[in-house]
Amino acid sequence: MPINVSPWSEPAWSHGIASPYYNDSHRKLRDALREYNDKNVLPYAPDWAAKGEAPREEAMKYAQSGFAFSDVPTAYRPKHLPDPAGIPVDQLDVFHLLVSTDEGSRIDGGIGSSLAGASVIGIPPVIHHGTEQQKRQWLPGLFDWSTSFCLGITEPTGGSDVANIQTTALKSDDGKYYTVNGYKKWITGAPWATHMTTAVRTGGPGFSGVSVLVIPMTSKGLTYRRIPNSGQEGGGASFVELDDVKVPAENLIGREGEGFKIIMTNFNRERYIMAVGCNRTARTCLNVAFEYANKRETFGKKLITNQIISSKFATLARYLESHWAWLEQIAYAVQQSPKGWQDPDVAGRIALAKVQGGRILEMANREAQQVLGGAGYQRGGPGAVVEQISRDLRMMVVGGGSEEIISDLAVRQETMLAKRRGWKI
């Protein structure tokens, strides 16, 4: 579909409001992604979500469309692969990521994870911290599904408390392999993954004992089963058991004891992507409800003519537009930093943007269901998307770090930065 012109249905720049952040390449990418998703994904997404995954042929088509895995450098992309919307990947900036994430977040039910696997969060540690051999071994296969990554951090005993990871990896006496034992839970994309980028304990207690291993999902002693969650059916969240799994020592990412730093900087990009997704999904709720309110008549007049109803939309618009401006500000800061997503200075702000996005999504979904009434509770009909979002949104709020944990992280991070600037108390 073309750009939606109804109020607040798109970010301001897409409605023609002048912005210093976007150029013709961003518009080109937006339009190409929208055309692809509207033709190949959105008409079928509800059915795929109900079945628990997208067809593998559709996942293969997406992997070779040029849009997938745009953060993989040119050197590791197949030569025949088209560039995303004809834009060379080495010319993509953080605002292209913002645009592509926004467009991709129009898809509900976890189908995005089914189409691309969880490589969007599982592969960055390899891209940024892997050896040349590791990159050449694993990155090209993303585009024909000979490799697909998931991210194994969360455990039954804890998720956001990465420093207390319980899964152990004991190195053999000859130094050739690690023996891994433990459990991972709610691992998105596990059913389709060939490898799991995994947080393990190779040393003593605390963050200094954490390392990152890439574990083949076909390893002897590794088993998984899908978890029946209330939403995000197409995301494939799974429980993974590791029982004396032998992993080659060359699958270590970075050095032993560097895992905590690798994981925490990886969280920056993941949380930002989730914050953008929250904004777009909340925007979808607003748009569906707004159109309904302009058509639905009660007591002889349109719903939208009731001030209490129009006030709901004005409130949502205030939150959505200010949150989007914050996302743009963060994108600019990341783009200007030599460290990019690895810059610790943006970690606290990204964490709070993710918290705010989750709060806005919860409010938008509730208000949309109030406007829609029974239609917002029904699977099918004019409010079907809003109903699906009501089941999906909990993962957006809790995934990537619960708001309680990452709010505390933000306070500690900003306090540390203030002291570096000379603040004394």
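The figures that follow rest on heavy atoms only: side chains count, while hydrogens, waters and symmetry mates do not.
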Inset, instruction - Compute both the distance and the angle, then confirm whether Arg349 meets the cation-pi test with Trp326: under 6.0 Å from the six-membered ring centre, within 45 degrees of the axis. - result: no
Legend entry - Backbone of Ala59 reached by a side-chain donor or acceptor of Trp145 within 3.5 Å: yes
Legend entry - Pair Thr147-His195, side-chain donor/acceptor within less than 3.5 Å: no
Legend entry - Worked verdict on Glu132 versus Arg136 for salt bridge (charged side-chain N to carboxylate O under 4.0 Å, His left out): CA-CA 6 Å; Glu132 183 65 19; Arg136 295 202 175 276; 2.8 Å; yes
Inset, instruction - Can you see which heavy atom on Ser119 is nearest to which on Leu142, and at what distance? - result: OG-CD2, 3.5 Å
Legend entry - Salt-bridge contact Arg366-Glu362 (side-chain N to carboxylate O under 4.0 Å): no
Inset, instruction - Compare all side-chain heavy atoms of Val245 with those of Lys220 and state whether any distance is below 4.5 angstrom. - result: no
Inset, instruction - Kindly confirm or rule out a cation-pi arrangement of Arg30 over Trp13, judged by NZ or CZ under 6.0 Å from the six-membered ring centre and within 45° of its axis? - result: yes
Legend entry - Backbone of Ser238 reached by a side-chain donor or acceptor of Arg225 within 3.5 Å: no
Inset, instruction - For Ser100 and Leu97, indicate whether the former's side chain and the latter's backbone hold a donor-acceptor pair under 3.5 Å. - result: yes
Inset, instruction - Go through the side-chain N and O atoms of Asn287 and Ser6 and say whether any donor and acceptor fall under 3.5 Å apart. - result: yes
Inset, instruction - Applying side-chain contact (heavy atoms from CB on, under 4.5 Å), run through Arg56 and Met60 and close with a yes or a no. - result: CA-CA 6 Å; Arg56 289 302 87 192; Met60 181 70 75; over 6 Å; no
Inset, instruction - Using atom types as modelled and distance alone, determine if a side-chain donor or acceptor of Asn251 lies under 3.5 Å from a backbone N or O of Leu213. - result: no
Inset, instruction - Indicate whether any N or O donor in one side chain lies under 3.5 Å from an N or O acceptor in the other, for Asp392 and Gln388. - result: yes
Legend entry - Over 12 non-hydrogen atoms of neighbours within 6.0 angstrom of CD in Gln133: no
Legend entry - OH (Tyr21) with more than 12 external heavy atoms under 6.0 Å: yes
Inset, instruction - Compute the ring centroids of Tyr224 and Phe239, then answer whether they are less than 6.0 Å apart. - result: no
Inset, instruction - Look at the rings of Phe313 and Phe290 and say which category their plane angle falls in: under 30° parallel, 30 to 60° tilted, over 60° perpendicular. - result: perpendicular
Inset, instruction - Output yes when Glu297 and Lys301 qualify as a salt bridge under the 4.0 Å nitrogen-oxygen rule, no when they do not. - result: no
Inset, instruction - Mark yes or no for whether Asn365, through its side chain, and Val386, through its backbone, hold a donor-acceptor pair below 3.5 Å. - result: yes
Inset, instruction - Would you confirm whether Thr197, through its side chain, and Gly122, through its main-chain N or O, come within 3.5 Å as a donor-acceptor pair? - result: yes
Inset, instruction - Find out whether Phe149 and Val120 are in side-chain contact, i.e. whether some heavy atom of one side chain is under 4.5 Å from a heavy atom of the other. - result: no
Legend entry - Under-4.0 Å salt bridge between Arg296 and Glu291: no
Inset, instruction - Answer yes or no: is there a side-chain heavy-atom contact under 4.5 Å between Thr157 and Tyr183? - result: no
Side-chain donor-acceptor pairs under 3.5 Å in residues 42-55, sequence neighbours left out?
residue, atom, partner, partner atom, Å
Asp47, OD2, Lys51, NZ, 3.2
Glu53, OE1, Trp192, NE1, 3.1

Inset, instruction - Return yes when atom CZ of Arg391 has more than 12 non-hydrogen atoms of other residues, nucleotides or ligands closer than 6.0 Å, and no otherwise. - result: yes
Legend entry - Check: His128 main-chain N/O paired with Gln342 side-chain donor or acceptor under 3.5 Å: no
Legend entry - Chi angles and distances behind the side-chain contact (heavy atoms from CB on, under 4.5 Å) call for Arg283, Ser9: CA-CA 6 Å; Arg283 211 178 278 277; Ser9 57; 5.5 Å; no
Inset, instruction - For the pair Lys61 and Glu57, evaluate salt bridge (charged side-chain N to carboxylate O under 4.0 Å, His left out) and give the outcome as yes or no after the intermediate values. - result: CA-CA 6 Å; Lys61 182 193 298 183; Glu57 61 269 20; over 6 Å; no
Inset, instruction - For residues Val89 and Val72, determine if any side-chain heavy atom of one lies less than 4.5 Å from a side-chain heavy atom of the other. - result: no
Legend entry - Any donor-acceptor N or O pair under 3.5 Å, side chains Tyr178, Glu256: yes
Legend entry - Ser311 side chain to Ile308 backbone, donor-acceptor under 3.5 Å: no
Inset, instruction - With side-chain hydrogen bond (donor to acceptor under 3.5 Å, both in side chains) as the test, would you mind laying out the steps for Glu155 and Thr167 before giving the verdict? - result: CA-CA 8 Å; Glu155 299 181 342; Thr167 298; 2.6 Å; yes
Inset, instruction - Answer yes or no for Arg269 and Tyr272: cation-pi contact, defined as NZ/CZ to six-membered ring centre under 6.0 Å and angle to ring axis within 45°. - result: no
Inset, instruction - Say whether Ser211 and Glu258, considering side chains only, have a donor N or O and an acceptor N or O under 3.5 Å apart. - result: no
Inset, instruction - Ignoring hydrogens and angles, tell me if any N or O in the side chain of Thr305 forms a donor-acceptor pair with the backbone of Lys302 under 3.5 Å. - result: yes
Inset, instruction - Using modelled atom types only, decide if a donor and an acceptor are shared between the side chain of Thr415 and the backbone of Gln413 within a distance under 3.5 Å. - result: no
Legend entry - Under-4.0 Å salt bridge between Arg106 and Glu103: yes
Legend entry - Lys261 atom NZ, neighbour heavy-atom count above 12 within 6.0 Å: no
Inset, instruction - Report yes if some heavy atom in the side chain of Val200 is under 4.5 Å from a heavy atom in the side chain of Val210; otherwise report no. - result: no
Legend entry - Within-4.5 Å side-chain heavy-atom neighbours: Lys339 and Pro344: yes
Legend entry - Within 6.0 angstrom of Tyr292 OH, more than 12 heavy atoms from elsewhere: yes
Inset, instruction - For side-chain contact (heavy atoms from CB on, under 4.5 Å), just list the numbers for Asn279 and Ile360, CA-CA rounded to whole Å, side-chain angles, deciding distance to a tenth of an Å, and then say yes or no. - result: CA-CA 7 Å; Asn279 188 284; Ile360 293 169; 5.5 Å; no
Inset, instruction - Apply side-chain hydrogen bond (donor to acceptor under 3.5 Å, both in side chains) to His26 and Asp93, showing your working. - result: CA-CA 9 Å; His26 300 101; Asp93 59 24; 3.0 Å; yes
Legend entry - salt bridge (charged side-chain N to carboxylate O under 4.0 Å, His left out) between Arg34 and Glu10, intermediate numbers included: CA-CA 12 Å; Arg34 183 157 297 201; Glu10 306 281 359; 2.6 Å; yes
Inset, instruction - Scan side-chain atoms only and decide if Glu328 and Trp324 contain a donor-acceptor pair under the 3.5 Å cut-off. - result: yes
Inset, instruction - For atom CZ of Arg255, decide whether the heavy atoms of other residues, nucleotides or ligands shown that lie under 6.0 angstrom number more than 12. - result: no
Inset, instruction - Find out whether Ile389 and Cys285 are in side-chain contact, i.e. whether some heavy atom of one side chain is under 4.5 Å from a heavy atom of the other. - result: yes
Inset, instruction - Apply the test salt bridge (charged side-chain N to carboxylate O under 4.0 Å, His left out) to residues Arg412 and Asp408: give CA-CA distance (whole Å), side-chain angles for both, the deciding distance (0.1 Å), then the verdict. - result: CA-CA 6 Å; Arg412 289 186 283 108; Asp408 183 66; 3.0 Å; yes
Inset, instruction - Run the ring-centre check on Phe67 versus Tyr36 and record whether the distance is less than 6.0 Å. - result: yes
Legend entry - Leu372 and Tyr377, any side-chain heavy atoms less than 4.5 Å apart: no
Inset, instruction - Go through the steps for Asp144 and Gln64 under the test side-chain contact (heavy atoms from CB on, under 4.5 Å), then give the verdict. - result: CA-CA 7 Å; Asp144 63 7; Gln64 298 185 353; 4.2 Å; yes
Legend entry - Lys/Arg-Asp/Glu bridge criterion (N-O < 4.0 Å) met for Glu403, Lys354: no
